[in-house]
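Structure, as structure tokens:
In what follows, every chain begins at residue 1, and chains take the letters A, B, ... in the order their sequences are listed. The structure displayed is predicted, hence computed values, not measured ones.
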There are 2 protein chains.
Amino acid sequence: MSSQLKPGTSNACNITALSLACEVNDVLRDISPRWKMQVLHKIAAGTKQFSSLKLAFPSLSDQILGKRLSELVDDELIDKVIIEEKAPKRIHYFITDKGLELLKIIDDLHQWGLKWY
Amino acid sequence: MSSQLKPGTSNACNITALSLACEVNDVLRDISPRWKMQVLHKIAAGTKQFSSLKLAFPSLSDQILGKRLSELVDDELIDKVIIEEKAPKRIHYFITDKGLELLKIIDDLHQWGLKWY
DNA sequence: AGGTATACTCACTTTAGGGTGAGTTATTGT
DNA sequence: ACAATAACTCACCCTAAAGTGAGTATACCT
């Protein structure tokens, strides 16, 4: 048993937010889909193309990768830059500032996992 | 378009972990179930009993609350303390150090959400 | 004797998400 | 002429998660 709150401490805790509003729900729902944060991380690490991302995750299908990429674009976590319109299309993905800030927190989560799992 | 990595920067990025291993998958899977982090937060804020938690989340059913609590106990994010064995049972829940460290990161996620959503 | 309270569990249905197969477009290489 | 390539989308299935209804134990209160 660890860190019980002292009785009479008026229910305050050292967590900044006094009430975890729905934003956290939304954030968690948006970051939890399988592969999504790994793909984001890979893009942050410089992997720009669909095909290279495919190679990076052999057990991830084209379809799911496409879905995750469009989600990441919709979330404004990555930017999609069209290099060549005509087939064979060439598109590059880049992480945004918003995505980079999120990744820092995801990395904290990773560190927490390493410590406690 | 924001923060593209400079070409030739050898794919390094300012994220600590060089590769986001499966731990992040596991962590995300464990924290994403609906209500779970909110229940954890409420417990951290001093709400100790099943019935008080029920009142705190009117749209959360007994069954899901029970499931989330047992998950949180299994994850060692909360401790379950039996106050009275015989019916009517009385049980108190307390957050663990592990849970408290996680909540700090969840709060960062919350702040990130407030900033960017 | 019947109702209430606490903290659940079990079985079931419904919904959302993950995953698969096929098809598209236009250009380059053999 | 034919295959390959890049980056997808559409339609479908199937499993896992969410949510719902009912039931349980025991003691106290009226």
Quick one: are B:L69 and B:K80 in side-chain contact, heavy atoms under 4.5 Å? no
Kindly indicate whether the side chain of A:R34, heavy atoms from C-beta on, has any atom under 4.5 Å from the side chain of B:R29. no
Out of B:K98, B:K36, B:R68, which residue meets the salt bridge (charged side-chain N to carboxylate O under 4.0 Å, His left out) rule with B:D75?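 Option passing the salt bridge (charged side-chain N to carboxylate O under 4.0 Å, His left out) with B:D75: B:K36.
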Presence of [X] side-chain N/O under 4.0 Å of [N] phosphate oxygens OP1/OP2:
| X | N | result |
| --- | --- | --- |
| A:S70 | D:dC8 | no |
| A:W35 | C:dG18 | no |
| B:Y93 | C:dC8 | yes |
| A:K86 | C:dT24 | no |
| A:Q49 | D:dA7 | yes |
| A:K36 | C:dG18 | no |

Rounded to whole angstrom units, what separation is found between the [atom1] atom of [X] and the [atom2] atom of [N]?
| X | N | atom1 | atom2 | result |
| --- | --- | --- | --- | --- |
| B:K54 | C:dA7 | NZ | P | 9 Å |
| A:L60 | C:dT20 | CG | C1' | 13 Å |
| A:R90 | D:dA7 | CZ | C1' | 11 Å |
| B:I64 | D:dA17 | CD1 | C1' | 8 Å |
| B:K89 | C:dT6 | NZ | P | 13 Å |
| B:F57 | C:dA7 | CZ | P | 16 Å |
| B:R68 | C:dT9 | CZ | C1' | 15 Å |
| B:Q63 | D:dG21 | CD | P | 9 Å |

Before you tell me yes or no, could you show the steps for B:D97 and A:W116 under side chain to side chain contact (heavy atoms under 4.5 Å, CB included), namely the whole-Å CA-CA distance, both residues' side-chain angles and the distance that decides it to 0.1 Å? CA-CA 10 Å; B:D97 290 338; A:W116 291 101; 4.2 Å; yes
Within the side chain of A:T96, is there an N or O that forms a donor-acceptor pair under 3.5 Å with the backbone of A:E76? yes
Reckon A:K80 touches a base, only the sugar-phosphate, or nothing at all at heavy-atom distances under 4.0 Å? sugar-phosphate
Minimum-distance nucleotide to [X] side chain [options: [options]]:
| X | options | result |
| --- | --- | --- |
| A:F50 | D:dT20, D:dC8, C:dA26 | D:dC8 |
| A:S51 | D:dA7, C:dC8, C:dG19 | D:dA7 |
| B:R34 | C:dG18, D:dG19, D:dT26 | D:dG19 |
| A:K67 | C:dT20, C:dG18, D:dA6 | C:dG18 |

On DNA chain C, check which nucleotide each of A:D62 and B:P88 is closest to and give me the residue with the more 5' one. B:P88
